[in-house]
Amino acid sequence: MSRPPVVADSRTAPHIAPPSLGELFRACSRVGLSGFGGVLPLLRHLLVDERRLMSGADFNALLGLCQFLPGSNVVNLAVCVGARFHGARGAIVATAGLLLGPFLVMMALATAYGLWGQLAIVQDMLRGIAAAGAGLLFATALKMARNVPERWIYLPFSALILVALVVLRLPLPPLMLALLGITGLIAYRRARNAAAIATSAGEERA
Amino acid sequence: MIALLADLFLQFSVLTVVAFGGITAMLPELHRLVVEQRQWMDATTFAHLFAIAQAAPGPNLLVVSLIGWKVAGIPGAIVATLAISLPMSLVIFFLYRHWERFRDAPWRAAIQTGVAPLAVGLVCASGWLIGASAGLGVRGVLLTLICTALMLVRSWHPLWYIGAGAAAGAFGLV
């Protein structure tokens with residue numbers, strides 16, 4: 001295991017000619033418009049499996065960055081992918097392709113809501129959808145909680161930010177930065193201690 | 001109008017800087033901002049707009065377009081969408097080439113570990129605020145709990161839940 005093969009893989013995958021700006025726009029539009037409840041898997045399928053524009057490892061590396069940074073993961077990803085093929089123009093075209101179609105759909109629905117939003121049946125349906133949607137959010141949060149390592153240390157902070165937002169109604173920006181400072185520091189120190197223990201254990205064995 | 005659009009742009013773009021955990025994690029702050037602080041709409045409308053965005057295709061950040069539309073029509077929708085996507089797009093455009101260099105940096109792993117539990121709390125708060133804003137009765141809360149439980153044990157497409165919610169509403173069950 002001196003040199004991981006994924007590095008070579010990431011260079012060999014884009015052997016097909018990069019897409020033109022028009023193709024990029026059309027591909028992103030298709031992904032944006034067909035993405036119900038999550039565009040990410042579709043984008044991956046298009047880029048890695050269907051068009052083979054990048055390797056799976058490459059995609060994961062870009063996704064790592066896009067999920068790491070704040071903001072919309074999918075928009076972040078479209079910027080990366082577009083920029084990779086056509087620089088700034090590509091970034092704009094890919095993002096516009098992704099958002100324009102769904103945006104127009106949203107505006108059509110907004111207009112319909114403006115016209116018929118007061119009808120009892122529309123209100124009832126939207127309330128039902130909101131109830132189901134709240135359930136989807138809770139389930140997402142619980143699934144995310146399952147993936148948190150060392151839950152007994154970190155999940156109290158989930159509860160803390162929940163109470164701060166729902167009960168105390170504190171503004172998010174300062175709260176987020178303060179709590180992230182604490183959890184980040186805990187994670188940093190724990191990782192450093194773990195590394196130190198691993199090193200000393202390795203030395204004892206040697 | 002210009003002042004309103006400028007305010008919208010400023011508030012939303014500041015928000016994206018702390019939007020760790022994606023747009024869903026931002027809903028509580030959006031709610032606080034547009035319902036409580038600026039009073040651009042009531043809580044029910046906020047829940048309605050969320051429901052519409054859930055039922056429509058596309059990336060979930062477009063709920064922000066609907067909020068912008070409610071505040072200032074089509075110009076508001078455009079400004080809100082730009083405010084949510086532009087700041088981080090610029091950051092990532094200049095950063096993505098240098099990202100590999102930081103891949104093994106300890107601070108990067110630390111932030112990633114630190115963000116995860118906060119995102120859990122944020123998404124949970126989103127669910128809570130949507131449920132509360134929608135004005136759910138006992139049966140509505142029951143539907144929320146059923147959806148939560150099913151989502152955890154079955155991998156059905158989210159659209160089924162949305163459809164079921166709409167049907168339950170239409171037949172006066174929630």
Side-chain angles (χ1 to χ4, degrees), chain A residues 32-33 35-37 39 65 68-76 79-80 83 91 102-103 105-107 109-110 113 121 124-142 144-145 148 154-155 157-158 161-162 165-166 169 172-173 176 179-180 183-184 187-188 191, chain B residues 16-20 22-23 28-29 32 47-48 51-52 54-59 61-62 65-66 69 85 88-89 92-93 96 99 106 110-114 116-118 120-121 123-128 130-131 134 136 140 143-144 147-148 151-152 158-159 161-162 165-166 168-170 174:
Chain A
L33 275 172
F36 279 97
V39 169
L65 170 67
F68 174 74
L69 287 176
S72 162
N73 299 335
V74 184
V75 170
N76 288 351
V79 170
C80 287
F103 178 83
V105 171
M106 246 9 132
M107 287 307 100
L109 290 172
Y113 177 67
I121 181 135
D124 289 345
M125 284 172 78
L126 290 176
R127 192 172 56 249
I129 295 173
L136 298 187
L137 290 171
F138 284 133
T140 305
L142 289 171
M144 286 162 69
V148 170
Y154 293 111
L155 285 192
F157 288 97
S158 312
I161 200 164
L162 176 67
L165 287 172
V166 172
R169 308 275 176 159
L172 181 64
M176 186 75 192
L179 287 180
L180 183 55
T183 54
Y188 186 84
Chain B
T16 60
V17 180
V18 290
F20 291 101
I23 301 301
E29 181 67 5
R32 199 186 68 84
H48 286 170
I52 294 171
Q54 281 284 301
L61 90 137
L62 288 169
S65 314
L66 288 175
W69 168 84
S85 41
M88 273 303 136
S89 296
I92 211 159
F93 180 76
Y96 85 102
W99 178 241
I111 292 180
Q112 210 155 18
T113 310
L118 300 179
V120 169
V123 175
C124 219
S126 297
W128 184 274
I130 291 300
L136 299 180
L143 178 62
T144 300
C147 286
T148 309
M151 270 282 280
L152 290 175
L159 213 50
Y161 297 92
I162 302 303
V174 294

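We name chains A, B, ... by the order of the sequence lines, and we start the count at 1 in each one.
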4.5 Å side-chain heavy-atom contact, [X] and [Y]:
X	Y	value
B:Val174	B:Leu136	no
A:Met176	A:Ile161	yes
A:Met144	A:Val148	no
B:Phe20	B:Leu118	no

Testing the basics here: between A:Pro173 and B:Glu29, what is the closest heavy-atom pair and its distance to 0.1 Å?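 What the structure gives for the nearest pair is CD-OE2, 3.5 Å.
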Which atom names give the shortest non-hydrogen contact between A:Tyr113 and A:Leu126, and what distance separates them?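 Heavy-atom minimum between the residues: CE1-CD1, 3.6 Å.
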Residue selection (most heavy-atom pairs with chain B, distance under 4.5 Å) from [options]:
options	answer
A:Ala91, A:Cys80, A:Ala132, A:Ala110	A:Ala110
A:Leu109, A:Leu155, A:Asn76, A:Leu142	A:Asn76
A:Gly32, A:Ala187, A:Pro102, A:Ala131	A:Ala131
A:Leu69, A:Val74, A:Val105, A:Asn73	A:Leu69

Counting heavy-atom pairs closer than 4.5 Å to chain A, which one of [options] comes out on top?
options	result
B:Arg32, B:Met88, B:Met151	B:Arg32
B:Gly140, B:Gly131, B:Pro106	B:Pro106
B:Pro59, B:Ala47, B:Gly22	B:Pro59
B:Ala134, B:Gly114, B:Ala125	B:Gly114
B:Leu62, B:Thr16, B:Leu143, B:Ile23	B:Leu62
B:Thr113, B:Val123, B:Ile130	B:Val123

For B:Tyr96, side chain to side chain donor-acceptor pair (under 3.5 Å) partners two or more places apart: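 Expected list: none.
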Against chain A, label [X] side chain, backbone, both or neither, depending on which of its atoms sit under 4.5 Å from a heavy atom there.
X	answer
B:Trp69	side chain
B:Leu61	side chain
B:Pro28	side chain
B:Ala170	both

Contact class of [X] relative to chain B, heavy atoms under 4.5 angstrom:
X	answer
A:Leu180	both
A:Leu136	both
A:Met107	side chain

Treating A:Ser158 as the side-chain partner and B:Pro117 as the backbone partner, does any N or O pair qualify as donor plus acceptor under 3.5 Å?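 A pair under 3.5 Å: yes.
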Hey, is the main chain of A:Gly133 close enough, under 3.5 Å, to the side chain of B:Gln54 for a donor-acceptor pair?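 Pair absent, no side-chain N/O of B:Gln54 close to backbone of A:Gly133.
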Could you tell me the separation between the SG atom of B:Cys147 and the CZ atom of A:Phe138, rounded to the nearest 0.5 Å?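 If we round to the nearest 0.5 Å, B:Cys147:SG and A:Phe138:CZ are 11.5 Å apart.
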About how many Å separate CD1 of B:Ile92 and CG of A:Leu65, when rounded to the nearest 0.5 Å?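 Answer for the CG-CD1 pair, A:Leu65 versus B:Ile92, is 4.0 Å.
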